[in-house]
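Here's the structure we're looking at; comments come further down.
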There are 2 protein chains.
Amino acid sequence: MSKAALDRQSMLTAMAAHVMLNGLANASLRPLAKAAGTSDRMLIYHFGNKEGVIAALLDFLAEAYIGTLDNVLPDGRQLSRAEYLDQLSRHTRGPAFQPYAALWWDIVSGAARGNASYRESAGRVMAKMLAFVESHAPVGDADPAATARFMLTLIEGAQMLDAIGCSDIADLALARAFCAD
Amino acid sequence: MSKAALDRQSMLTAMAAHVMLNGLANASLRPLAKAAGTSDRMLIYHFGNKEGVIAALLDFLAEAYIGTLDNVLPDGRQLSRAEYLDQLSRHTRGPAFQPYAALWWDIVSGAARGNASYRESAGRVMAKMLAFVESHAPVGDADPAATARFMLTLIEGAQMLDAIGCSDIADLALARAFCAD
DNA sequence: GCCCTTATGTAGCAACTGCTACACTTGTGC
DNA sequence: GCACAAGTGTAGCAGTTGCTACATAAGGGC
């Protein structure tokens, strides 16, 4: 890895930490640079302009977010669907995902306003999440694709309710999800 | 209504329109004032400081958002739960709610970052939504409270997926929700 | 007529924004 | 050894931010 690429990587690591604490929406060059131990001048030099900085950060963060999924769940194939959903929510609503939660809503908010980078990044994360849910799902479902999407939608709704302090609603909702099983 | 209160009201109306177009996250005094046909000086005068302006706006917007619910749905009591969920999503994901969608994610994002005004506003909206869903729900459910929360969580998850351009996931999820019925 | 509250315009401050100009030092290929 | 590209520090520009100081009306109670 070249020196430049190495610098980029360490800058992104430091900036990602800063952004997870302070939010992505109002991130500006000078605080980001300070967090990365450099100057705004250098961020522009390495990433072209602010948009480039943010785009690189989104990439980096999406990878990191997705990375938390790996090896986090024991295979759910032997569980019932209700048990699997429970395991899934335990992780996605638990402490491992917590640092990313606020960040995620920054990204959703940006995507909802039509920002292409944000939308693309969010889409990539969702696709990966879906693939993960599908690949670990219990076998023997009549329509596994639909069930995976159903679980994902529920989980995301629950995460939103967590974010605004309405976890109680989400808890009952998830408990109700597979009551027919 | 006093002149001051009337002014406040018309200012809020104008600012709300501006915020629905341009977002709440980066709203600043001078553009807000321009939208309201006044000056930043006057906004501070009437609302104390920027925080006061935003808090008043959140109040106003929450009321307006909730207001779109009234008389929008025929009573769902004769429908099956699947049909009711379908009707519900048709409205909450449809054009009537569209102007509020992006705004909603601004608020969620703020709430997730711990802003008390945002969180309170979001909580009030969710409580009202829940009451609405519960009060129109089909009769004869074994656990209507859980079912209402289940539907609400699904709807919100679907709205998030819409916001990031993954409506296809949401569509299948909703179709799957009451497949046991 | 006078006073005092309410309301408003103008100007400006200090901080911060993204970004640039310019000068300078390295390291590398030849 | 030298030219040239890559990398970096300093200074600054023009614009925006929330907010304030100051002056000035306008209206109502006495």
Side-chain angles (χ1 to χ4, degrees), chain A residues 1-16 18-19 21-61 106-107 109-110 113-118 121, chain B residues 1-16 18-19 21-61 106-107 109-110 113-118 121:
Chain A
M1 190 149 44
S2 77
K3 181 158 177 291
L6 206 145
D7 280 8
R8 260 182 77 104
Q9 205 62 18
S10 71
M11 280 178 179
L12 285 173
T13 309
M15 287 192 291
H18 175 262
V19 154
L21 275 178
N22 302 95
L24 189 61
N26 295 323
S28 52
L29 287 180
R30 265 170 266 242
L32 282 176
K34 191 173 177 186
T38 180
S39 67
D40 56 334
R41 167 72 184 71
M42 279 299 98
L43 291 186
I44 298 286
Y45 179 74
H46 283 295
F47 300 95
N49 52 25
K50 190 193 177 181
E51 202 185 322
V53 178
I54 300 296
L57 257 175
L58 282 175
D59 251 30
F60 184 88
L61 288 163
D106 282 349
I107 294 173
S109 157
R113 291 255 161 244
N115 183 307
S117 304
Y118 282 57
S121 190
Chain B
M1 188 151 45
S2 76
K3 182 159 175 291
L6 207 145
D7 279 9
R8 258 183 80 103
Q9 205 62 18
S10 71
M11 279 178 180
L12 285 173
T13 309
M15 286 192 291
H18 175 262
V19 154
L21 274 178
N22 301 96
L24 190 60
N26 294 323
S28 51
L29 287 179
R30 265 168 267 243
L32 282 176
K34 191 173 176 185
T38 179
S39 67
D40 56 334
R41 168 72 183 71
M42 280 297 98
L43 290 187
I44 298 286
Y45 179 73
H46 282 296
F47 299 95
N49 53 24
K50 190 193 177 184
E51 201 186 323
V53 178
I54 300 296
L57 257 176
L58 282 175
D59 250 30
F60 184 88
L61 289 163
D106 282 348
I107 294 174
S109 156
R113 290 255 161 243
N115 183 308
S117 305
Y118 282 57
S121 189

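We name chains A, B, ... by the order of the sequence lines, and we start the count at 1 in each one.
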Collect all protein-nucleotide pairs involving nucleotides 18-20 of chain D in which both atoms are nitrogen or oxygen and the distance is under 3.5 Å.
from, atom 1, to, atom 2, distance (Å)
D:dG18, OP1, B:Leu29, N, 3.4
D:dG18, OP1, B:Lys50, NZ, 2.9
D:dG18, OP2, B:Leu29, N, 2.8
D:dG18, N7, B:Arg30, NH2, 2.6
D:dG18, O6, B:Arg30, NH2, 2.9
D:dC19, OP2, B:Lys50, N, 2.8
D:dC19, N4, B:Asp40, OD2, 2.6

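Within the 4.0 Å cut-off from OP1 or OP2 of C:dT8, at least one side-chain nitrogen or oxygen of B:His46 is found.
The backbone N or O of A:Ser117 sits nowhere less than 3.5 Å from a side-chain atom of A:Ser121 that would complete a donor-acceptor pair.
Between the CE atom of B:Met42 and the C1' atom of C:dT10 there is a distance of 11 Å, rounded to whole Å. A straight line from CG of B:Asn26 to P of D:dT17 spans 10 Å, rounded to a whole angstrom. Distance CD1 (A:Ile54) to C1' (C:dC19): 15 Å, rounded to an integer number of Å. Taking atom NZ of A:Lys34 as the reference point, atom P of C:dT17 lies 11 Å away to the nearest angstrom. Between the C1' atom of D:dG9 and the CG atom of A:Leu43 lies a distance of 14 Å, rounded to the nearest Å. Straight-line distance from the CZ atom of B:Phe47 to the C1' atom of C:dA7: 14 Å, rounded to whole Å.
Checking each of A:Asn26, A:Asn22, A:Asp106 against B:Arg113 for a side chain to side chain donor-acceptor pair (under 3.5 Å) leaves exactly one that passes, namely A:Asp106.
Every residue two or more places apart in sequence or in another chain was checked for a salt bridge (Lys or Arg N to Asp or Glu O under 4.0 Å) with B:Arg41, and none qualifies.
The shortest distance between side-chain heavy atoms of B:Met15 and B:Leu43 falls below 4.5 Å.
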Note to self: Would A:Met42 and A:Asp7 count as a side-chain contact (heavy atoms from CB on, under 4.5 Å) here? Give the steps.
What the structure shows: CA-CA 10 Å; A:Met42 279 299 98; A:Asp7 280 8; over 6 Å; no
Next item on the list: Step by step, work out the side-chain contact (heavy atoms from CB on, under 4.5 Å) result for B:Phe47 and B:Leu12.
Entry: CA-CA 11 Å; B:Phe47 299 95; B:Leu12 285 173; 4.1 Å; yes
